[in-house]
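Taking it in order: structure first as structure tokens, then the write-up.
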Amino acid sequence: MIRSRLTRVLFDTRLARACSLILITIVLLAWLGPVFSSWEYDQIDWDALESPPSLQHWFGTDFIGRDLFVRSMLGARVSLGIALIATLVSVLVGIPWGAVAGYLGGRTDQLMMRIVDVLYALPFILIVILLVVIFGRNPYLLFMALGAIFWLDIARIVRGQTLRLREQPFIGAARILGVATPAIIWRHVVPNVLGPALVYATLTIPGVILAESFISFLGLGIQEPNTSWGVLIADGTQTMESSPWTLIFPGTLLAMTIWCTNMLGDRLRDQLDATGAGYTRTSSTRTHMRT
Amino acid sequence: MARYLLIRLGLTLLTFWLIVTVVFFLMRLAPGGPFDGERRLPPEVETNLRAAYNLDQSLPRQYIDYLAMLGRGDLGPSFRQKDFSVNELVATGLPVSLTIGGLALLIATTVGIAVGLKAGLAPNTRTDTWLMGLTNIGIALPTIIVAPLLVLIFGVALGWLPTGGLGSFNHYILPPIALAMPFTAAIARLTRGSVVETLSEGHLQTARAKGLPESLIIRRHILPIALLPVVSYLGPAAAALLTGSVVIEQVFELPGIGRYLVQGALNRDYTLVMGVVVVYAALILLFNLLVDLAYVRMDPRIRLQT
């Protein structure tokens, strides 16, 4: 039944269908794209420096003659990969944090949520700069750490859900039976907050993609010859006057991905709210705050 | 009210101190130092440099010295930009960042509220659908795309506006617009949502039944309530507009303080990063405080509690 509901959210209107298809295509291209092209991501075509889109180079080439299609697909792979990793980290940190705070309540709860509030008030760029200082230019550590910022929303939502769960009879029963607190949290609370947490996690994905592109744009993230959408857009900005396609293709891919994930994430959240799970706070409206 | 103010002020100062402390120690924990250049310095030169910048003291000692310095309003000398104090660097960059951020905030609130009101007063009409579709695009287009695109269109292709730098009035058009775009869209969506919600409230029917003109109803009975979520959004938004200008500064080649943050972090210019963080943190906490106070004033239902 859950599956059919998910299918409905993802496919029932024309817009949702279009978005799902676009995302599926982008994911497939990120995964398989380089296979279709005869170029390597760091291969230089000396006969086509900065050439516009053509049959050889579908997206054209950049200023040193590298095929933009292959690079965009590699960029998609890196950007989406980072988004998934960081989202996973955010879920792994946010769920336990929120569940423990909500279940224990009292002082512990106050302290844990106060920490969340303070972190929430810090502007994103400051945190990023600090992480860059600490981890240097190791992009993977940097983006793992990025996930560690995005857990804040999830922690809040999970806490809200846990507060309601705590009063449920089955939790009380478990307590009376003498089940240890960690076991109650792990076996009874976490499985019940997983659904909402995962729905909000889908709204984390566009946030991370934006954040990654922002960091890489500033030259602090992914380094050449490896690439990501942010790096490609930064390069495109440098050369847009003579070769606008170097900005337009990666830019469009990024914007479409953000737009579609936002759209579907909002729909999933609306669906969740409609089933009475409540707690609408995060939405795509806040995604841009994280850049 | 006075008590509430005092407690809020105290909490704000506490948060400020926390931020300064955390950033101070994190910077020092990070590998590398300000004098690791391409070339290793002769040991005696490095010793002298470290002494000159007070780096030869123990870490707690340096921390206390830094706090004392901060208390005097001194952000210290820059480690990498010789001959400049951080105060001087901030003093030249901050007005630029504040101007761009302030203009962007102005655009985002006025345009955002207007669009949201227009859409919200006629929910589910064609206008509404179109406007909200547009805001969706505004949110999905990050500044790193919008800013270069605006330069490409209005600066390069049409040649109407300068592509970057500072100078005349025209230099102040594109950067704030690019910066404001996603925030305008977000404010429009927030306003629309809460206007629609407010429309169904009972006191509006009373106002209508009394025969008040529609413009008065909008001004007195819809906007004050509908704008509450927008006001609470403005605190973090103002902060984000200010710090978000890092990208804008890079694209439009503006001499703001955002670039100091990036440069400083890469060069391990401790005092410079600290200085910018201190300025940002102070401004952000100030915005949040102001927003909280405005909130209390606007909605009598909110009880003061801490």
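Below, each value reflects all heavy atoms present in this structure, side chains not excepted, and no hydrogens, waters or symmetry copies. Source: prediction; values computed, not measured. Here is how names work: the chains are called A, B, and so on, in the same order as the sequence lines, proteins then strands, and each is numbered from 1.
Here the CD1 atom belonging to B/I144 is positioned 8.5 Å from the CG atom belonging to A/L218, to the nearest 0.5 angstrom. Atoms CH2 and CD1, on A/W229 and B/I145 in that order, are 10.0 Å from each other to the nearest 0.5 Å. With rounding to the nearest 0.5 Å, the separation of CG in B/L149 from CD1 in A/I248 is 7.0 Å. For the atom pair A/L254 CG and B/L141 CG, the distance stands at 8.5 Å (nearest 0.5 Å).
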Check the pair A/F217 / B/V251 against side chain to side chain contact (heavy atoms under 4.5 Å, CB included), numbers first and verdict last.
CA-CA 10 Å; A/F217 184 87; B/V251 173; 3.7 Å; yes
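Contact of B/V276 with chain A is not made at all, since no heavy-atom distance falls under 4.5 Å.
Pairing each heavy atom of B/P148 with each of A/T237, the nearest pair is CG-OG1, 3.6 Å.
No side-chain heavy atom of A/N262 sits under 4.5 Å from any side-chain heavy atom of B/N136.
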